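A quick write-up on the structure given underneath.
Everything numeric here is computed off the predicted structure, so don't read it as measured data. Within every chain, numbering begins at 1; the chains are lettered A, B, ... in the order of the sequence lines, protein sequences first and strands thereafter.
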Number of protein chains: 2
Amino acid sequence: MQLDAVDQRIVALLVADARSSYADIGAKVSLSAPAVKRRVDRLRSSGVIKGFTTVVDPAAVGWTTEAFVELFCTGRTTPAQITVAARRHPEVVGAYTVSGQADALVHLRAADIGHLEQVLERLRAEPFVTSTRSMIVLSRLVETPTPVPALE
Amino acid sequence: MQLDAVDQRIVALLVADARSSYADIGAKVSLSAPAVKRRVDRLRSSGVIKGFTTVVDPAAVGWTTEAFVELFCTGRTTPAQITVAARRHPEVVGAYTVSGQADALVHLRAADIGHLEQVLERLRAEPFVTSTRSMIVLSRLVETPTPVPALE
DNA sequence: AATGAAAAGATATGGGC
DNA sequence: GCCCATATCTTTTCATT
């Protein structure tokens, strides 16, 4: 789908605050509220906007530990297999196939180090995983949503 | 701040859809709309809820390339220095200090490989960076918000 | 301290143009 | 795309537990 400059600004405003009213957005992009809503509906149904979510402080909900784990897999492993395995574990918040030495990179959140160790054990028990290399997050410096070129 | 079971369910519902109405949430947690609003206000002001955002398909807004870059830094580098440097680049969507060989891990999104290369050059030009190791994302298998133990 | 009911104002949403 | 009408939602006030 092709986005014009107004669509991009609407998306950028919704990324900044998903609960903005259509009227507020409209005031900023010089459209009426119904016009904004129609664009947002179109952006949603076309898949540009995948949903609206809430940014939660992980520590506040009891998840204080975070890690990135490189997976080294057997030769015949497919991305689909990794996906299925990753989705089995609610602690996996991100998973990517990557270039370089590792085959995949998995982003984990866990309650504490004990929980993390347990998830790592479960991951390493997957039949296609030959080895892993973990980076435990010491501090989260930056974490932002996908930037949208806003064309201000 | 201490969250009770109802707070956790409210947070989980808002993570699933940040635009749910207070009445809808209230119907699911057996509270009136004003009661839900008061809890959400409290969760926001206490920092449990950091904000509401929109999940965008990066490809749809012109960002087709993604990478994770390990940074190796000089001995005297502080997390604050890395934070400042990372925030200078809008392509940095995540940055973390980590245990292991690397000092930091940076998550980048860029329009294309050329753009990514240019960002990498800028990162490597930071005075405290001694070397980098890049993993280019071949496919995004999983990407979900922080899970909230929902206690259903 | 937290809740529900009611009321007022703001917003969402569909139809007509 | 806009304007309008109505349904729904948000938010404040107030009384109750």
Original post:
Can you list the residues that meet the ring-ring contact (aromatic ring centres under 6.0 Å, His included) rule with B/His89, with sequence neighbours excluded?
Top reply: none
Original post:
What is the ring orientation for A/Tyr96 with B/His107, classed by angle as parallel under 30°, tilted 30 to 60°, or perpendicular over 60°?
Top reply: perpendicular
Original post:
Rounding to a whole Å, what distance do you find between A/Lys37:NZ and D/dC9:P?
Top reply: 13 Å
**OP:** State whether the number of non-hydrogen atoms from other residues, nucleotides or ligands found under 6.0 Å of A/Glu117 atom CD is greater than 12.
**Re:** no
**OP:** Could you pick out which residue, A/Ser20 or B/Arg42, lies toward the 5' side of DNA chain C when each is mapped onto its nearest nucleotide?
**Re:** B/Arg42
Subject >> Check ion pair A/Asp41-A/Lys37 (N to O, under 4.0 angstrom) >> reply: yes
Original post:
In whole angstroms, how far is the C1' atom of D/dC9 from the CZ atom of A/Arg19?
Top reply: 10 Å
Subject >> Listed partners of A/Arg39 passing salt bridge (charged side-chain N to carboxylate O under 4.0 Å, His left out), at least two apart >> reply: A/Asp4, A/Asp7
**OP:** Answer with yes or no whether the hydrophobic clustering places B/Val48 together with B/Val40; edges join I, L, V, M, F, W, Y residues whose side-chain heavy atoms lie under 4.5 Å apart.
**Re:** yes
Subject >> Rounded distance in Å - CG (A/Leu31) to P (D/dC3) >> reply: 11 Å
Atom pairs and distances, donor-acceptor, side-chain atoms in residues 51-59 of chain A, under 3.5 Å, two or more places apart:
| unit_1 | atom_1 | unit_2 | atom_2 | d |
| --- | --- | --- | --- | --- |
| A/Thr53 | OG1 | B/Val15 | O | 2.6 |
| A/Thr54 | OG1 | B/Leu14 | O | 2.7 |
| A/Asp57 | OD1 | A/Ala59 | N | 3.3 |

Original post:
Using the C1' atoms of five pairs at each end, what's the angle between the two axes of the helix from C/dA1-D/dT17 to C/dC17-D/dG1, to 10 degrees?
Top reply: 30°
**OP:** Check B/Pro149 against B/Gln8 and note the closest heavy-atom contact, atom names and distance.
**Re:** O-OE1, 2.8 Å
**OP:** Please report the closest heavy-atom contact between B/Arg19 and A/Ala18, naming both atoms and the distance.
**Re:** NH1-O, 2.6 Å
**OP:** Return the minimal non-hydrogen interatomic distance between A/Thr97 and B/Ser139, and the atom names on each side.
**Re:** OG1-OG, 2.7 Å
Subject >> Nearest non-hydrogen partners of B/Val93 and A/Pro147, listed with the distance >> reply: CG1-CD, 3.6 Å
Original post:
Where does the chain B footprint on DNA chain C start and end, counting 5' to 3' with a 4.0 Å heavy-atom cut-off?
Top reply: C/dT3 to C/dA12
So which protein nitrogen or oxygen atoms get under 3.5 Å of nucleotides 13-17 of chain D's nitrogens or oxygens?
none

Original post:
Under 4.0 angstrom, heavy atoms only, what part of the nucleic acid is B/Ser32 near: base, sugar-phosphate, or nothing?
Top reply: base
